[in-house]
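As structure tokens, the structure follows; a few thoughts come after it.
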Amino acid sequence: MEVLQILHMNQGNGETSYAQNSKVQGKILSIAKPIIDEAVQKLLCSNIAPIGSMGIADLGCSSGPNAFLVISEIIDAIYATHSSSSSSTEFRVFLNDLFSNDFNTIFMSLPAFYNQLKKEKGDRFESFFISAVPGSFYGRLFPAKSLHFVHSSSSLHWLSQVPPGLDCQAGGRALNKGKIYISKTSPQCVLDAYSLQFHKDFSLFLKSRAEEIVGGGRMVLSLMGRSSSDPSTQESCYQWELLAHALMSMVLEGLIEEETVDSFNAPYYAPSEEELKLELENEGSFTVDRLEAFEIDWDGGAEISVVASGQRVAKTIRAVVESMIESHFGKDIMDDLFRRYAELVVDHLSKSRTKYINLVLSVIRKD
């Protein structure tokens, strides 16, 4: 799977779009808001950022209502900290995602966003420059020392590629048979391959940002993770387990080939806090300011029935993973697959309220 060419959230504003099914990601942003505010305030109070021009990047911005939410929050924090001088500050805001991201929807929303900013900030709002920077954040994206604040939410759990070597073992048998991600039945070599790929990717991410962020600059990263040292724990992989069950039910009915399931592996990894700390220490360019873990309901915490909750979860997952699933299995099975998935989620939620673990990391670029 060519992740960089295939992976994108569902585009547009339709029923299965990311724009209409990203409430969980919005909940994650709201939980991280106090940490974002604190990081921005500490950055400005340290006098590191030149008040004349401030470089801000949101990595993995996707599209829909959340794309501008974090930018609004950052600007609010800046004005709250330096209300008297913010009118003279130029904000260079860079929205980044992969080349296949729905940037058109973002830019169509820009006029309304600008008008809202002008209405809220009045004469204090003068120079605000938004641009898109398509490309993988597992590599350089910006000129050296051009950024003061970097944010990323619900993105760094995506790997740059499927871990190599998962296709088959000697004799042609699939290593992770009947599964599409780590599970309780996965052999240790599968767990090791995923862990190794994450560490390679996160190390490259840190090295790249270390070149681009000024000394004393800040970065706040939110990603799916886990509280256990065991990567096969339910909190970090059961959503994938249920999707594998839905696919295998279609195999049993002859709708898809079992080999097609066996050859699909999700480019995803939910790390532990210890893994993040280890890679930060090994890379050496950043100091950890805060690292927090939060529980998130699969449906974002909505007060709705179990059936409605299961349907919401299925739509949320579909909006995120459909591009990869469709590329591998074909478009024709999508509606049937996610109908089955919704039924499995409803059954699971009626017995157990499994939660995601979201990690929020705030770091400082060393001088």
Side-chain angles (χ1 to χ4, degrees), residues 25 28-62 66-83 85-97 106 113 117 121 124-133 135 137 140-156 202 205-223 276 280 283 285-292 359-367:
Q25 292 85 351
I28 289 169
L29 285 173
S30 68
I31 288 175
K33 184 181 184 301
I35 298 176
I36 294 171
D37 290 347
E38 178 186 74
V40 171
Q41 290 163 8
K42 287 181 177 179
L43 169 67
L44 294 173
C45 291
S46 69
N47 295 319
I48 293 297
I51 203 65
S53 179
M54 185 174 182
I56 302 167
D58 185 24
L59 308 183
C61 65
S62 191
N66 295 334
F68 293 117
L69 178 59
V70 69
I71 299 302
S72 297
E73 291 176 351
I74 292 170
I75 293 172
D76 287 343
I78 292 169
Y79 276 103
T81 306
H82 282 282
S83 57
S85 57
S86 293
S87 61
S88 62
T89 300
E90 290 186 346
F91 300 104
R92 296 173 286 110
V93 178
F94 306 102
L95 301 178
N96 158 261
D97 213 307
I106 292 177
F113 179 67
L117 275 181
K121 309 306 178 190
R124 296 184 300 165
F125 175 79
E126 293 182 359
S127 300
F128 195 86
F129 305 99
I130 295 180
S131 59
V133 181
F137 50 50
R140 287 290 301 277
L141 290 166
F142 306 99
K145 308 303 179 187
S146 62
L147 300 177
H148 302 87
F149 187 83
V150 171
H151 171 267
S152 180
S153 183
S154 301
S155 297
L156 275 164
F202 193 50
F205 175 88
L206 293 173
K207 285 182 172 66
S208 301
R209 303 294 83 76
E211 293 292 325
E212 299 163 351
I213 300 174
V214 301
R218 298 264 177 164
M219 193 160 57
V220 176
L221 312 173
S222 298
L223 67 158
L276 293 182
L280 281 158
E283 196 282 326
S285 298
F286 295 91
T287 301
V288 176
D289 187 30
R290 292 182 64 176
L291 177 54
E292 308 282 346
L359 303 179
V360 183
L361 173 67
S362 180
V363 299
I364 310 164
R365 176 66 172 96
K366 295 177 181 178
D367 292 329

Q) Which distance, rounded to the nearest 0.5 Å, do you find between the CZ of Phe91 and the CE of Met54? A) 7.5 Å

Q | Nearest atoms (heavy-atom pairs only) where Ser222 meets Val360 | A | OG-CG2, 3.6 Å

(Q) I'd like to check the side chain to side chain donor-acceptor pair (under 3.5 Å) partners of Gln41; sequence neighbours left out, ordered by chain and number. (A) none

(Q) Is the shortest side-chain heavy-atom distance between Arg365 and His148 below 4.5 Å? (A) no

Q. So how far is it from Leu59 CG to Asp97 CG, rounded to the nearest 0.5 Å?
A. 9.0 Å

Q. When you measure from the side chain of Asn96 to the backbone N and O of Asp58, does any donor-acceptor pair fall under 3.5 Å?
A. no

Q: Kindly indicate whether the side chain of Ile364, heavy atoms from C-beta on, has any atom under 4.5 Å from the side chain of Val288.
A: no

Q: To the nearest 0.5 Å, tell me how far Ile71 CD1 sits from His151 NE2.
A: 8.5 Å

Q. Does the side chain of Val363 reach to within under 4.5 Å of the side chain of Leu361, using non-hydrogen atoms?
A. yes

Q. If you look at every heavy atom in Pro34 and Ser30, which pair is closest and at what distance?
A. CD-O, 3.8 Å

Q: State which residues pass side-chain contact (heavy atoms from CB on, under 4.5 Å) with Ser362; sequence neighbours excluded, sorted by chain then number.
A: Ile35, Ala39, Val220, Asp289, Arg290

Q. Of all heavy-atom pairs between Leu44 and Ile78, which one has the smallest distance, and what is that distance?
A. CD1-CA, 3.7 Å

Q | Over all atoms of both residues, closest heavy-atom pair of Gln25 and Ser154 | A | CG-OG, 3.8 Å

Q: Let me see the working for Phe202 and Leu221 under side chain to side chain contact (heavy atoms under 4.5 Å, CB included), right down to the final yes or no.
A: CA-CA 11 Å; Phe202 193 50; Leu221 312 173; 4.2 Å; yes

Q) Within the distance-only criterion (no hydrogens, no angle test), does the side chain of Ser146 pair as donor or acceptor with the backbone N or O of Ala144 below 3.5 angstrom? A) no

Q: Walk me through it: do Ile56 and Ile75 pass the test side chain to side chain contact (heavy atoms under 4.5 Å, CB included)?
A: CA-CA 10 Å; Ile56 302 167; Ile75 293 172; 5.5 Å; no

Q.
Testing the basics here: between Arg209 and Leu141, what is the closest heavy-atom pair and its distance to 0.1 Å?
A. NH2-N, 3.9 Å

**Q.** Close side-chain approach of Arg218 to Glu38, heavy-atom, < 4.5 Å
**A.** no

Q. Mind checking whether Phe94 and Phe142 have ring centres under 6.0 Å apart?
A. yes

Q) Considering residues at least two apart in sequence or located in another chain, which fulfil the ring pair (Phe, Tyr, Trp, His ring centres under 6.0 Å) criterion with Phe149? A) none

Q: Could you walk me through whether Met219 and Leu147 pass side chain to side chain contact (heavy atoms under 4.5 Å, CB included), step by step?
A: CA-CA 10 Å; Met219 193 160 57; Leu147 300 177; over 6 Å; no

Q: Of all the heavy-atom pairs spanning Phe286 and Leu206, show the shortest one and how long it is.
A: CE1-O, 3.5 Å

Q: Go through the structure and list residues passing side-chain contact (heavy atoms from CB on, under 4.5 Å) with Ser72, not counting sequence neighbours.
A: Phe113

Q: Sequence neighbours left out, what passes side-chain contact (heavy atoms from CB on, under 4.5 Å) with Ala67? Give chain and number order.
A: Ile106

(Q) Distance check, rounded to the nearest 0.5 Å: Leu69 atom CG versus Ile74 atom CD1? (A) 10.0 Å

Q. Is there a salt bridge (Lys or Arg N to Asp or Glu O under 4.0 Å) between Arg140 and Glu212 once you walk through the steps?
A. CA-CA 8 Å; Arg140 287 290 301 277; Glu212 299 163 351; 3.2 Å; yes

(Q) If the condition is side chain to side chain donor-acceptor pair (under 3.5 Å), which residues does Ser285 pass it with, not counting sequence neighbours? (A) Glu283

Q: Start with the C-alpha gap between Leu156 and Phe137, add the side-chain angles, then the distance that decides, and say whether side chain to side chain contact (heavy atoms under 4.5 Å, CB included) holds.
A: CA-CA 9 Å; Leu156 275 164; Phe137 50 50; 3.7 Å; yes

